[in-house]
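The structure appears right after this line, and notes come after that.
For the single chain, residues carry numbers from 1 onward in sequence order.
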Amino acid sequence: MRVRLDVSYDGTDFHGWASQFGLRTVQGVLEEKLSLVTRHPVQLTVAGRTDAGVHADGQVAHFDVPASTFTQRSLQHPGDLVRRLSRMLPADVRVHGASVAPAGFDARFSALRRHYVYRVTTATAGPRPVRVRDTARWRRHIDLDKVKAASEVLVGLNDFAAFCKAREGATTIRELQQFQWFDVSTPAEPETYEARVAADAFCWSMVRSLVGAVLTVGEGKRDEGFTAELLQLDERSSKVLVAPAEGLNLVQVDYPADEELAARAEVTRAVRTTAEL
């Protein structure tokens, strides 16, 4: 049986999603507790691996276990995992949904797109104490119109090599479907902004690099053609700053209709080339 999990976590005190020996990670904590509850070794596949300090309100993962797992007195259906895990997991990670996955479902490869929100303040005093764990601090004031213009240039199917940390055999071609900025300032939170970013997939550190690049345009450190120039590069650019991790939150993962899940996974596994651009 394949089980889908809907997960949220505060990434502040985690060394990212992926298991790392000797380090506290979201995957490591979840797999340990799931293995105890199901009495079976659990290995999770996730929709989007998040870096150290990055949060998630809408993470999705799956795992496979024998169907006989759910014949225990206190565990008769995957939905029972929510109640059991709520007593076992630490306060900074929660499973808020567990269900039998439809045929063909793969948390990673079946996904149509991932949605992120990046929250940042340029206020001199920094973020409010109650928001300090999910709001990044940018120490220079910005022109939001310049930030928006620099972001719009990047939307579409492009090679984002300048924004990605190189990984052998991995493509850096992505379809950035949304990169919009909003002023969410209030009297209590002046100069506070949110970016809403969506793509079919992201490479390592891509969202934070996108944010860092356009914020440097907004503060006047880079000229207004900077992001367009970056799209012409075929390797990581040292001019791109990676924005702080605490401002980033994976808020949603979209999937197609159940009957299209397997086909979507096959399409996603195909490696893109520059011929598609």
Side-chain angles (χ1 to χ4, degrees), residues 10-14 16 50-57 114-156 158 160-166 172 174 176-199 202-233 235-251:
D10 176 341
T12 306
D13 299 322
F14 288 103
T50 51
D51 294 336
V54 175
H55 317 296
D57 281 327
R114 287 89 172 159
H115 298 263
Y116 284 86
V117 169
Y118 192 90
R119 198 169 195 275
V120 61
T121 182
T122 59
T124 303
R128 294 171 62 201
V130 295
R131 298 304 300 258
V132 72
R133 292 169 75 95
D134 75 344
T135 304
R137 184 175 188 178
W138 197 263
R139 294 187 180 273
R140 293 182 177 87
H141 302 293
I142 61 167
D143 181 327
L144 189 59
D145 288 335
K146 290 184 178 180
V147 171
K148 289 179 177 180
S151 302
E152 290 171 2
V153 169
L154 299 170
V155 175
N158 296 296
F160 289 95
F163 301 88
C164 298
K165 294 183 179 180
T172 51
R174 297 288 188 272
L176 186 62
Q177 299 169 353
Q178 180 186 26
F179 193 9
Q180 293 179 293
W181 285 85
F182 301 87
D183 187 337
V184 295
S185 303
T186 66
E189 292 185 289
E191 296 181 50
T192 301
Y193 312 100
E194 287 185 358
R196 297 173 190 173
V197 191
F202 293 92
C203 38
W204 192 13
S205 295
M206 179 175 161
V207 181
R208 291 164 58 201
S209 296
L210 291 169
V211 169
V214 300
L215 287 178
T216 57
V217 174
E219 70 179 29
K221 185 176 181 180
R222 303 293 183 192
D223 64 43
E224 295 180 31
F226 178 56
T227 52
E229 294 170 4
L230 290 172
L231 290 179
Q232 306 307 311
L233 303 181
E235 61 181 4
R236 171 81 185 178
S237 172
S238 60
K239 295 181 180 180
V240 175
L241 294 179
V242 179
E246 62 267 24
L248 188 58
N249 186 349
L250 173 60
V251 297

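- Within the 3.5 Å criterion, the main-chain N or O of Phe179 finds no donor-acceptor partner in the side chain of Arg196.
- No side-chain donor-acceptor contact under 3.5 Å links Thr216 to the backbone of Lys221.
- Annotation: side-chain hydrogen bond (donor to acceptor under 3.5 Å, both in side chains) contacts of Asn249 (sequence neighbours excluded): Asp57.
- Contact check for Arg174 versus Cys203: side-chain heavy atoms found under the 4.5 Å cut-off.
- Using a 4.5 Å cut-off on side-chain heavy atoms (C-beta onward), Val117 and Phe182 make no contact.
- Identified under the salt bridge (charged side-chain N to carboxylate O under 4.0 Å, His left out) test for residues 240-249, with sequence neighbours left out: none.
- Under a 3.5 Å cut-off, the side chain of Arg119 and the backbone N or O of Glu194 do not form any donor-acceptor pair.
- Residues Ala213 and Val240 approach most closely at CB-CG1, 4.3 Å, considering heavy atoms.
- Applying the ring pair (Phe, Tyr, Trp, His ring centres under 6.0 Å) criterion to Phe202, with sequence neighbours excluded, gives Tyr116.
- Atoms CG and CG, on Leu154 and Leu230 in that order, are 7.5 Å from each other to the nearest 0.5 Å.
- The closest donor-acceptor contact from the side chain of Asp143 to the backbone of Asp145 lies under 3.5 Å.
- The side chain to side chain donor-acceptor pair (under 3.5 Å) with Glu191 is formed by just one residue from the set Thr121, Thr124, Thr122; it is Thr122.
- By the 4.5 Å heavy-atom criterion applied to side chains, Leu250 and Arg114 are counted as neighbours.
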Steps toward side-chain hydrogen bond (donor to acceptor under 3.5 Å, both in side chains) verdict (Thr192, Arg131): CA-CA 11 Å; Thr192 301; Arg131 298 304 300 258; over 6 Å; no
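- Within the 3.5 Å criterion, the main-chain N or O of Arg133 finds a donor-acceptor partner in the side chain of His55.
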